[in-house]
Amino acid sequence: MDRNAKVAVTLGDPAGVGPEVIVKALAALPIEERRDFVIVGNVEALERADRATGAGLKFGPADAAGNDRIAVDEVPLGADLPEIGKISPVAGDASVRYITRAVDLAMSGQADVIVTAPINKEAMNLAGHHHDGHTGLLAHLTGSKSSFMLLASERLNTIHVSTHISLKGAIERAKTERVLATIEAGHRHFLRLGRKARIAVAGLNPHCGENGLFGTEDMEFLAPAVEQAQAKGIDVVGPISADTVFARAYNGAFDLVIAQYHDQGHIPIKLVAFETAVNVSLGLPIDRVSVDHGTAFDIAGTGKANHVNMLSAIAYARLMARSPRREV
């Protein structure tokens, strides 16, 4: 990574495993690389996680940290540190405060990319922050019309037309304009990383509707989006039946699959890359990468949480930090 690049890592829900996977991941990095990170959160929560994991790290203010201490951009909680492993509005509010501060750092150029630890949607909503999760909150904070969720792994990548909405709502959202925008977002991202993606669009209905026998959405909305993208020079085909397209992509036929809704894309990714896949937000004026797991309240505080996914998120964030943005 460019030594001048700065990665801001949000603590996530302080009652979950976020602080633990962060300290374990940073402890696994060479000492000289730790100066490239600033943790947006609370020293108290990090020290609690450090004790649980035995990571042996030290933390300090961002302007005073060095090789021996991890920089922390302290965000006031306004309350006592929430109990570990419990859903609470205090923790939910804290997680939003961390993200808000990290966005400020990225928007002002003080951070090149954000890496987010997991939050809990119930806790966030209990605190009065009514968003569908990181994706919606980040779009709100950056003033973006919408954003796209990309799940990235070594052999399978998928970007979603819709995410945290009902299945009925997802079907209603799978219209030509949104599908085309999703194709374009994925295309731009791969260009940024240095290659032109081979893209496949997954069908919405079983067997893509069998020419109208099982629904007409694939013919009416998805096929025109593919044709319009092809006319723009994008390497895309489809719609292809979802029961085969992910296996074909995993075996090397495609670089990216356009999933029509949350579970259509998440299930295959979590089957083949549960510990290493990362969540990347596209369509925002800032760069953000996240782990692809939850707060795991059942093991929070035990030090058992696996930090491999956080290391994958950090590696992908580094890749984005050194890759300039491109347009279609």
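These numbers were taken from a predicted model, which means no experiment stands behind them.
For D80, the CG atom counts as loosely surrounded, since its 6.0 Å shell holds 12 or fewer non-hydrogen atoms of other residues, nucleotides or ligands. Applying the 6.0 Å contact sphere to CG of N251 captures more than 12 heavy atoms from other residues, nucleotides or ligands.
With contacts defined as side-chain heavy-atom distances shorter than 4.5 Å, the pair D112/D287 does not qualify. Put simply, the side chain of L204 does not reach to within 4.5 Å of the side chain of F221, judged on heavy atoms. Using a 4.5 Å heavy-atom cutoff, the side chains of H160 and L151 are in contact. For the pair Y316 and L150, the minimum side-chain heavy-atom distance is below 4.5 Å. Between L222 and Q260, the closest side-chain pair of non-hydrogen atoms falls below 4.5 Å. Within the 4.5 Å cutoff, the side chain of H293 has no heavy atoms near those of the F274 side chain. Residues L26 and I39 form a side-chain contact, since some pair of their non-hydrogen atoms from C-beta on lies under 4.5 Å apart. Using a 4.5 Å heavy-atom threshold, the side chains of T53 and H307 count as separate.
In the hydrophobic clustering of this structure, M219 does not group with I171; members are Ile, Leu, Val, Met, Phe, Trp, Tyr whose side-chain heavy atoms approach within less than 4.5 Å, directly or through other members. At a threshold of 4.5 Å between side-chain heavy atoms, the hydrophobic network of Ile, Leu, Val, Met, Phe, Trp and Tyr places V90 and V96 in two separate groups. Linking ILVMFWY residues whenever their side-chain heavy atoms come closer than 4.5 Å, directly or via other members, leaves I269 and V280 in distinct clusters. Follow the hydrophobic side-chain contacts under 4.5 Å out from V179 and you never reach V257; the two are in separate clusters. Transitive grouping of hydrophobic side chains (ILVMFWY, heavy atoms separated by less than 4.5 Å) keeps V201 and F214 in distinct clusters.
Put simply, the side chain of D93 never gets that close to the backbone of P89: no donor and acceptor are under 3.5 Å apart. In this structure a side-chain-to-backbone donor-acceptor pair under 3.5 Å is missing from R173 to R178. Here the side chain of N42 pairs a donor or acceptor atom with the backbone of V75 at under 3.5 angstrom. Judged by distance alone, with hydrogens and angles left aside, the side-chain atoms of Q230 form no donor-acceptor pair with the main-chain N or O of V237 at under 3.5 Å. No donor-acceptor distance shorter than 3.5 angstrom exists from the side chain of R188 to the backbone of L282, with no hydrogens or angles considered. Between the K24 side chain and the A305 main chain, a donor and an acceptor come within less than 3.5 Å of each other. Counting only distance, with no hydrogens or angles, the side chain of N120 and the backbone of A123 share a donor-acceptor pair below 3.5 Å. Side-chain N or O atoms of R34 include none that pairs as donor or acceptor with a backbone N or O of I70 at under 3.5 Å. Side chain of H266 to main chain of H262: a donor-acceptor pair is present (N/O by atom type, distance under 3.5 Å, no hydrogens or angles). The backbone N or O of T244 sits nowhere less than 3.5 Å from a side-chain atom of S241 that would complete a donor-acceptor pair.
Comment: R198 engages D255 in a salt bridge, judged by a side-chain N to carboxylate O separation of less than 4.0 angstrom.
Contact record, E210 with H207: OE2-ND1, 2.9 Å, taken as the closest heavy-atom pair. Taking all atoms of both residues into account, the shortest heavy-atom contact from A277 to D292 is O-CB, 3.3 Å. Closest heavy-atom contact between L105 and S108: O-OG, 3.1 Å. Here the shortest heavy-atom pairing between A117 and L11 reads CB-O, 3.5 Å. When every heavy atom of I240 is checked against every heavy atom of C208, the shortest pair comes out as C-SG, 3.4 Å. Across V291 and P118, no two heavy atoms sit closer than the pair CG2-CD, 3.5 Å.
Among the candidates N279, T116, N309, the single residue satisfying the side-chain hydrogen bond (donor to acceptor under 3.5 Å, both in side chains) test with S290 is T116.
To the nearest 0.5 Å, the span separating CG on L256 from OG1 on T158 amounts to 6.5 Å. Note that CD of Q110 is 8.0 Å distant from CG of D73, once rounded to the nearest 0.5 Å. Rounded to the nearest 0.5 Å, atoms OG1 (T10) and CD1 (I22) are 6.5 Å apart. Atoms CG and NE2, on L180 and H187 in that order, are 11.0 Å from each other to the nearest 0.5 Å. Between I159 atom CD1 and F148 atom CZ the span is 6.5 Å, to the nearest 0.5 Å. Atom CG of D50 is separated from atom CD of E47 by 8.0 Å, given to the nearest 0.5 angstrom.
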- Message: Checking R288 against V103 for the side chain to side chain contact (heavy atoms under 4.5 Å, CB included) test, could you report, in this order, the C-alpha distance in whole Å, the side-chain angles of both residues, the deciding distance, and whether it holds?
- Response: CA-CA 9 Å; R288 174 259 181 172; V103 168; over 6 Å; no
- Task: Just do the side chain to side chain contact (heavy atoms under 4.5 Å, CB included) check on I314 and V7 with the steps written out, would you?
- Result: CA-CA 8 Å; I314 287 172; V7 180; 5.7 Å; no
- Message: Determine whether L271 and F246 satisfy the following criterion, side chain to side chain contact (heavy atoms under 4.5 Å, CB included), listing intermediate values before the conclusion.
- Response: CA-CA 11 Å; L271 179 64; F246 293 99; over 6 Å; no
